[in-house]
Amino acid sequence: MSRHVAIVTDSTAYLPQRTMERHGITAVPLTVVLGGEALEEGTEISTRSLAQALQKRRPVTTSRPSPRLFAETYRKIAESGATAIVSLHLSAELSGTYDAAVLAAREAPVPVRVVDTGMIAMALGFCALSAAEAAETGGTVDDAVSAAEKRADATSAFFYVDTLEYLRRGGRIGAAQALLGSALAVKPLLQLDGGRIDLLEKVRTASRAIARLEELVADRAGSAPVDIAVHHLAAHERASALADRLRARVPGMADLHVSEVGAVIGAHTGPGLLGVVVSPR
């Protein structure tokens with residue numbers, strides 16, 4: 001095999017399997033703990049099972065991949081012929097995944113550059129794609145990292161959730177913000193800012209919140225070439241309808257991905273989530 005830079009990410013990137021195979025991207029799974037049983041995201045727990053568990057208020061927690069799992073992944077990739085690895089992960093503000101990858105990289109048989117993208121979901125996925133495209137054209141580790149960081153800097157992510165309760169339970173948003181939302185019976189809009197999930201706006205009804213989400217995305221996308229991902233949890237009809245409206249409103253639309261989030265994000269947002277990632281090319 002020729003010399004090459006391999007790209008690793010984690011399961012919260014939610015890249016389509018065909019896309020990962022086409023670009024040679026490897027995703028290391030995070031873990032969801034449901035009813036005391038640890039399950040790998042993407043292979044051992046379905047989003048339907050997760051949504052049902054959350055609706056029944058069963059305890060659901062998440063955990064990072066172990067450094068050992070990262071070490072095994074890096075070793076296998078090196079054995080396949082890679083001479084260097086770029087390992088791109090969800091925000092270190094939201095997970096210890098980055099730290100686990102850093103620990104494993106120290107013992108890897110080839111150089112590994114670990115990057116905290118500050119992103120999550122397809123905001124992370126688009127970063128991994130940009131890095132893979134740079135590597136495919138003969139780019140160095142620095143080229144792949146630069147491509148990912150440039151994509152991250154340009155990417156925005158907005159989220160609608162029916163309630164802040166799940167984010168509060170997981171410590172992903174402040175208790176005061178969650179209580180405020182509950183007390184006022186508002187529907188929250190959130191954004192990814194500095195690697196954290198922050199409350200952006202409070203809207204009175206779900207329909208108005210989703211309309212405002214559409215407006216925010218259209219304004220952010222402008223008319224330049226842009227990739228968009230619409231995510232949801234147990235809200236397929238809402239997501240499909242939003243995607244159709246965005247097709248009509250965003251003139252520079254290049255690729256549009258519509259997908260249900262995996263169990264890790266779903267555990268912290270709850271059923272009804274709508275998320276939109278806007279990533280200029």
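As the structure is a prediction and not an experimental result, all values here were calculated from the model.
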If you group Ile, Leu, Val, Met, Phe, Trp and Tyr by side-chain heavy-atom gaps below 4.5 Å, do [X] and [Y] land in one group?
X	Y	result
Leu94	Val102	no
Ile77	Val115	no
Val112	Leu124	no
Leu69	Leu30	no
Val5	Ile85	no

Closest non-hydrogen atom pair between [X] and [Y], with its separation:
X	Y	value
Val141	Ala84	CG2-CB, 3.4 Å
Ala243	Val258	CB-CG2, 3.6 Å
Ala100	Pro65	CB-O, 3.4 Å
Thr62	Ala267	CG2-CB, 3.9 Å

**OP:** Would you please test Glu79 and Arg75 for salt bridge (Lys or Arg N to Asp or Glu O under 4.0 Å) and show each step?
**Re:** CA-CA 6 Å; Glu79 289 175 352; Arg75 177 182 55 80; 3.1 Å; yes
**OP:** Mind running side-chain contact (heavy atoms from CB on, under 4.5 Å) on Tyr74 and Val110 for me, showing each step along the way?
**Re:** CA-CA 8 Å; Tyr74 295 154; Val110 296; over 6 Å; no
**OP:** Using the test side-chain contact (heavy atoms from CB on, under 4.5 Å), find all partners of Ala224 that sit at least two apart in sequence or belong to another chain.
**Re:**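 Expected list: none.
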Donor-acceptor check, side chain of [X] to backbone of [Y], threshold 3.5 angstrom: yes or no?
X	Y	value
Asp227	Ala254	no
Asp193	Asp198	no
Asp10	Leu90	yes
Thr9	Leu88	yes
Ser91	Met119	no
Thr137	Ala134	yes

Do the side chains of [Y] and [X] get nearer than 4.5 Å, heavy atoms only?
X	Y	value
Leu200	Leu216	yes
Arg113	Asp142	yes
Val277	Phe126	yes
Arg208	Lys187	no
Ile197	Leu192	yes
Ile265	Tyr14	yes
Leu190	Leu199	yes
His232	Arg238	no

**OP:** Mind running side-chain contact (heavy atoms from CB on, under 4.5 Å) on His236 and Glu260 for me, showing each step along the way?
**Re:** CA-CA 8 Å; His236 176 74; Glu260 194 163 31; over 6 Å; no
Subject >> Partner of Leu274 under side chain to side chain contact (heavy atoms under 4.5 Å, CB included), chosen from Leu189, Ile210, Val161, Leu233 >> reply: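 By the side chain to side chain contact (heavy atoms under 4.5 Å, CB included) criterion, Leu274 pairs with just one of Leu189, Ile210, Val161, Leu233: Ile210.
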Original post:
Residues in salt bridge (Lys or Arg N to Asp or Glu O under 4.0 Å) with Asp244, at least two apart?
Top reply: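 Partners of Asp244 under the salt bridge (Lys or Arg N to Asp or Glu O under 4.0 Å) test: Arg247.
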Original post:
Going through the checks in order, is the side-chain contact (heavy atoms from CB on, under 4.5 Å) test met by Ile25 and Leu129?
Top reply: CA-CA 8 Å; Ile25 299 170; Leu129 280 175; 4.2 Å; yes
**OP:** Would you sort out whether His89 and Phe70 count as a ring-ring contact (aromatic ring centres under 6.0 Å, His included), showing the intermediate values?
**Re:** CA-CA 12 Å; His89 300 292; Phe70 272 113; 5.1 Å; yes
Original post:
If you measure only the distance, is there a donor-acceptor pair under 3.5 Å linking the side chains of Asp143 and Thr140?
Top reply: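 Result is yes, a qualifying pair exists.
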**OP:** Classify the side-chain pair His231/Ser259 by whether it contains a donor and acceptor separated by less than 3.5 Å.
**Re:**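 His231 vs Ser259: donor-acceptor pair found between side chains.
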Subject >> Check against side-chain contact (heavy atoms from CB on, under 4.5 Å), Leu246 and Val276 >> reply: CA-CA 10 Å; Leu246 289 173; Val276 184; 4.2 Å; yes
Subject >> Spacing of CG belonging to Asp153 relative to CZ belonging to Arg151, to within rounding of 0.5 Å >> reply: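 Here the rounded value is 12.0 Å.
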